[in-house]
Every structure is written in C-alpha cells, then in structure tokens.
Undergrad: 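Sharing a structure, written as structure tokens. Questions coming.
Position 1 is the first residue of the sequence; numbering continues from there. Predicted, not measured: the structure shown is a model, and the values here were computed from it.
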Amino acid sequence: MEWWYLFIAGLAEVGWAVGLKFTEGFTRLWPSIWTAFGMAISFYFLSLAVKTIPIGTCYAIWTGIGVVGTAIFGIVLFGESKDLARLLCISLIVIGILGLKQVSA
C-alpha cells in the first residue's frame, strides 16, 4: 500500500507544481487554494509512504514523479520545449524511478 501512497503523493506534487503557474505568485485566490490543497495532499501521502519506504528512495521517487509529470504538463499546457535532448533527459528520470522501485521492492 505504501507504494500507492507514494504514487498518489507524486501525482499531487504534479498538481501543485502546475498549480503554482496559475496562482500568479499567490495573487489569485482559487488557484492558490487548490495549490495549497495539492501541497497538503502530497505531503500527507508522502508522510504515509516514508513510514515503510526508506526516506532517500521515497524522496527521490516522489520528486522524480513530480519532475516528469510537471515537465509533461509544461509541454502540453504551456508549450514548453519538447526537443529530443529534453525528452531523453526526462526519460532517464523515468528509468531512475523504475530502477529505484525495483531495487527497493
């Protein structure tokens, strides 16, 4: 179950990281509220995951999910670069996440 908690925490991290773009420096009320809610959810599920998953592994996977997900949303929603080198680097992060999961299972 702890791996599901970590996955949910990572998805919530993507949500709040993307939400930051819409808060405009926390000057917009509703995007700011949703972003803060995403942060709370992310940290809550991360706190559940670290009860049994080693902290280094947990943190690396949590941030990795956040980085990859946020980069994908940046490409899709905000027209950020999708050049081959960038996509290759993102794929290396995915490989790292999967590798950590395998050696920590």
Side-chain angles (χ1 to χ4, degrees):
M1 195 68 187
E2 64 274 0
W3 290 101
W4 282 108
Y5 293 150
L6 182 55
F7 183 67
I8 292 166
L11 292 180
E13 184 189 8
V14 173
W16 71 255
V18 172
L20 282 174
K21 182 80 168 174
F22 294 101
T23 68
E24 296 179 13
F26 290 102
T27 60
R28 297 181 63 215
L29 178 62
W30 289 109
S32 297
I33 289 171
W34 282 108
T35 298
F37 179 72
M39 288 176 177
I41 294 296
S42 182
F43 287 119
Y44 172 73
F45 280 100
L46 180 63
S47 76
L48 296 178
V50 299
K51 287 181 178 180
T52 54
I53 301 171
I55 188 67
T57 300
C58 202
Y59 186 74
I61 292 175
W62 177 66
T63 57
I65 292 169
V67 167
V68 170
T70 303
I72 290 169
F73 274 95
I75 291 168
V76 173
L77 295 177
F78 307 117
E80 294 177 3
S81 171
K82 55 184 171 195
D83 71 5
L84 185 59
R86 186 167 193 243
L87 296 177
L88 178 61
C89 291
I90 292 169
S91 68
L92 290 173
I93 296 169
V94 172
I95 291 168
I97 291 168
L98 296 174
L100 280 171
K101 168 63 171 98
Q102 286 299 90
V103 300
S104 300

Undergrad: What about Trp3 and Ile95, same hydrophobic cluster or not, with Ile/Leu/Val/Met/Phe/Trp/Tyr joined at side-chain heavy-atom distances under 4.5 Å?
TA: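 In one cluster with Trp3: Ile95, no.
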Undergrad: Show every donor-acceptor pair shorter than 3.5 Å between a side-chain atom in residues 72-84 and any protein atom, with sequence neighbours excluded, or say none if there are none.
TA:
| unit_1 | atom_1 | unit_2 | atom_2 | d |
| --- | --- | --- | --- | --- |
| Glu80 | OE1 | Arg86 | NH2 | 3.2 |
| Ser81 | OG | Asp83 | N | 3.3 |
| Asp83 | OD1 | Arg86 | N | 3.0 |

Undergrad: If the condition is side chain to side chain contact (heavy atoms under 4.5 Å, CB included), which residues does Leu98 pass it with, not counting sequence neighbours?
TA: Val94
Undergrad: Do you know the tightest heavy-atom contact between Gly66 and Val14?
TA: CA-CG2, 3.8 Å
Undergrad: Using the rule that two of Ile, Leu, Val, Met, Phe, Trp, Tyr join whenever any of their side-chain heavy atoms come within less than 4.5 Å, decide whether Val67 and Met39 are in one cluster.
TA: yes
Undergrad: Could you report the tightest heavy-atom contact between Ser104 and Leu100, atom names first, then the distance?
TA: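 Scanning both residues, the minimum pair turns out to be OG-O, 2.8 Å.
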Undergrad: Mind jotting down which residue pairs meet the side chain to side chain donor-acceptor pair (under 3.5 Å) criterion with at least one end in residues 12-21? Sequence neighbours excluded, please.
TA: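 As it turns out, there is no side chain to side chain donor-acceptor pair (under 3.5 Å) pair with a partner in residues 12-21 once direct neighbours are skipped.
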Undergrad: How would you list all residue pairs meeting side chain to side chain donor-acceptor pair (under 3.5 Å) that involve residues 22-40, not counting sequence neighbours?
TA: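 Residue pairs with at least one partner in residues 22-40: there are none.
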Undergrad: On a heavy-atom basis, which atom in Ile90 and which in Ala71 lie closest, and how many Å separate them?
TA: CD1-CB, 3.6 Å
Undergrad: Among pairs that include at least one residue of residues 64-77, which meet side chain to side chain donor-acceptor pair (under 3.5 Å), considering only residues two or more places apart or in two chains?
TA: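 For residues 64-77, and leaving out neighbouring residues, there are no side chain to side chain donor-acceptor pair (under 3.5 Å) pairs at all.
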Undergrad: Under 4.5 Å between side-chain heavy atoms, hopping through other hydrophobics if needed: is there a path connecting Ile8 to Ile61?
TA: no
Undergrad: What about Phe7 and Ile41, same hydrophobic cluster or not, with Ile/Leu/Val/Met/Phe/Trp/Tyr joined at side-chain heavy-atom distances under 4.5 Å?
TA: no
Undergrad: What pairs of donor and acceptor atoms, side-chain ones from residues 42-55 against any protein atom, are under 3.5 angstrom apart with sequence neighbours left out?
TA:
| unit_1 | atom_1 | unit_2 | atom_2 | d |
| --- | --- | --- | --- | --- |
| Ser42 | OG | Ala9 | O | 2.9 |
| Ser42 | OG | Trp62 | NE1 | 2.9 |
| Ser47 | OG | Tyr44 | O | 2.5 |

